[in-house]
2 protein chains.
Amino acid sequence: MVSGAVRTYRLLSDGRRQINSFHLPGDMFGFENGKSHRFSAEALVETKVRIVRQRALLCSMADQAGGTTKLIRLVTQNLQDAESHMLLLRRKTALEKVAAFLLEMDERQFRPDVMELPMSRRDIGDYLGLTLETVSREISILRDAGLLRFVGTTQRRLSLLNREELSRYDS
Amino acid sequence: MVSGAVRTYRLLSDGRRQINSFHLPGDMFGFENGKSHRFSAEALVETKVRIVRQRALLCSMADQAGGTTKLIRLVTQNLQDAESHMLLLRRKTALEKVAAFLLEMDERQFRPDVMELPMSRRDIGDYLGLTLETVSREISILRDAGLLRFVGTTQRRLSLLNREELSRYDS
DNA sequence: CGTGGCCTTGAGCATTCTCAATACATGTGG
DNA sequence: CCACATGTATTGAGAATGCTCAAGGCCACG
């Protein structure tokens, strides 16, 4: 990912959509063993990505010293991210999930003063296993508790006012 | 993993336990980028594992032709498993989660006639983000629906009677 | 303005959790 | 061999949580 934001997702047979992950600048994604990818990918905003063929990646890595280690690190990073996502999904209450999600996005954007969410409430819900209404409600609860506030007229731009307290919801 | 079964888990500050994954014979686990492991591991039954140092693994792979590719495959396999687990965790209802879990264990044991669950109901609950009571109830529902039956006196040994129908719950 | 997309909020309902009682298998000591 | 304790699983009832359905607001765009 060079710039922008991408979601990878799957549709279930009953029409529900599960979002597997959001990708932000700096991420690499799409590592697969089989021939076909198991997720679809869509850009959420104007996005620039660099496509690398598996073969090319392997070759370029074999060329440089410590290249293999670097490559392993890259895939392992993806694995660790996935494991963090799972911790998030196993949380019991919706409030915990939403708080953990906001903290995750905050970290990945390097704790900016004003955080930009490139995804809709429905996207967040499909990512967390919640409905968009519940996501909206829980964000309102956090706002009313003074842990965050919206910036400007849109509800996609917000500021975390108390990461300390927010991470307490996150156990 | 040579034989047996292992759970990897984390304790939350409020005492709840999240099980990250169960490992069965043939699996490799514990890939980490940082120095410390982020999960604890416990054997569920009499277990044999083979410990491999990261350095040793990298060296042995560098030696053989296509070793790097093999190694990438290994880590990628772990990543894909993690992604499957996430699909499972995002399922909405408890029945779907339990059905998907049973099918997963069935696959990983190569669809035996009688499946042995090395973990308790509480373990399953901590893995799925449910309580042990809910797990028990959903299994009873599947039993009453004729999709599985217990084998012998223990409730850890069971037989899937209708994988077809079971996978329908799994969307 | 009017429309459409997104978000919020409310009310009632369904599902899951909590707390509690019971059952059952296993292991221990008398 | 028989209590007895312990750990695990099942089941029930009421409470809490999240979902569904619905209404309304706000912004962007034509």
Side-chain angles (χ1 to χ4, degrees), chain A residues 5 7 12 14-19 42 44-46 88-102 115-145 148-158 169, chain B residues 5 7 12 14-19 42 44-45 89-102 115-145 148-158 169:
Chain A
R7 62 175 174 232
L12 301 184
D14 61 1
R16 286 178 300 176
R17 182 187 62 165
Q18 290 189 318
I19 290 189
E42 284 176 355
L44 292 166
V45 292
E46 181 90 5
L88 200 160
L89 290 172
R90 275 188 265 260
R91 295 189 185 292
K92 287 271 190 312
T93 76
L95 193 55
E96 287 173 345
K97 287 183 187 174
V98 171
F101 171 76
L102 291 174
M115 173 163 64
E116 189 84 37
L117 294 177
M119 69 289 286
S120 70
R121 299 291 189 259
R122 177 179 295 278
D123 287 334
I124 299 175
D126 289 349
Y127 178 69
L128 298 179
L130 300 170
T131 60
L132 69 95
E133 293 94 332
T134 299
V135 172
S136 176
R137 267 186 261 272
E138 304 308 320
I139 290 181
S140 296
I141 287 174
L142 293 173
R143 166 173 50 74
D144 295 347
L148 60 82
R149 67 183 173 78
F150 293 124
V151 174
T153 93
T154 166
Q155 290 106 333
R156 301 263 188 114
R157 212 177 341 243
L158 50 84
Y169 285 100
Chain B
R7 63 175 173 231
L12 301 184
D14 62 0
R16 285 177 300 176
R17 183 188 61 167
Q18 291 189 316
I19 289 187
E42 285 175 353
L44 292 165
V45 294
L89 291 172
R90 276 188 266 259
R91 295 189 183 295
K92 284 269 189 315
T93 76
L95 194 55
E96 286 174 345
K97 288 183 187 174
V98 171
F101 171 78
L102 291 173
M115 171 163 65
E116 188 84 40
L117 294 177
M119 70 290 286
S120 69
R121 299 290 189 262
R122 176 179 296 278
D123 287 334
I124 299 174
D126 289 348
Y127 178 69
L128 298 178
L130 300 170
T131 60
L132 69 96
E133 292 94 332
T134 300
V135 172
S136 176
R137 267 185 262 270
E138 305 309 318
I139 290 181
S140 296
I141 288 173
L142 294 172
R143 166 174 50 75
D144 296 347
L148 59 84
R149 65 183 174 78
F150 292 123
V151 175
T153 92
T154 165
Q155 289 105 333
R156 302 264 188 112
R157 213 175 341 241
L158 49 83
Y169 285 100

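To find a chain, count down the sequence lines: A is the first, B the second, and so on, and within it residues start at 1. Note that the coordinates shown come from a computational prediction; the quantities given were computed from them, not determined experimentally.
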Q | Phosphate OP1/OP2 of dC19(D): any Thr134(A) side-chain N/O under 4.0 Å | A | yes
Q: Please report the shortest heavy-atom distance between Met119(B) and Ile124(B), naming the atom on each side.
A: CG-CG1, 3.6 Å
Q) Side chain of Lys92(B): nearest nucleotide among dT11(D), dC19(D), dC21(D)? A) dC19(D)
**Q.** Nearest-angstrom distance from the residue atom CG of Leu130(B) to P of dG18(D)
**A.** 13 Å
Q.
Any side-chain N or O of Ser140(B) below 4.0 angstrom from OP1/OP2 of dT11(D)?
A. yes
Q.
Strictly below 4.0 Å, N to O, side chains only: are Arg17(B) and Asp123(B) in salt-bridge contact?
A. yes
**Q.** 5' precedence on DNA chain D between Ala94(A) and Thr153(A) (nearest-nucleotide basis)
**A.** Ala94(A)
Q | d(CD, Glu133(B); P, dG14(D)) in whole Å | A | 17 Å
Q.
Output the rounded distance in Å from CG (Asp144(B)) to P (dG12(D)).
A. 10 Å
Q: Check the side chains of Arg143(B) and Ser140(B) for a donor-acceptor pair under 3.5 angstrom, ignoring hydrogens and angles.
A: yes
**Q.** Nearest heavy atoms of Lys92(A) and Leu130(B), plus distance in Å
**A.** NZ-O, 4.0 Å
Q) Can you tell which of dT10(D), dC27(D), dG18(D) lies closest to the side chain of Arg121(B)? A) dT10(D)
Q. Between dA9(D) atom P and Met119(B) atom CE, what is the distance in whole Å?
A. 11 Å
Q | Contact boundaries on DNA chain C for chain B, cut-off under 4.0 Å to non-hydrogen atoms | A | dT16(C) to dA25(C)
Q: Between Arg137(B) and Thr131(A), name the one whose nearest nucleotide on DNA chain D is closer to the 5' end.
A: Arg137(B)
Q | Between dA9(D) (P) and Arg157(B) (CZ): distance, integer Å | A | 13 Å
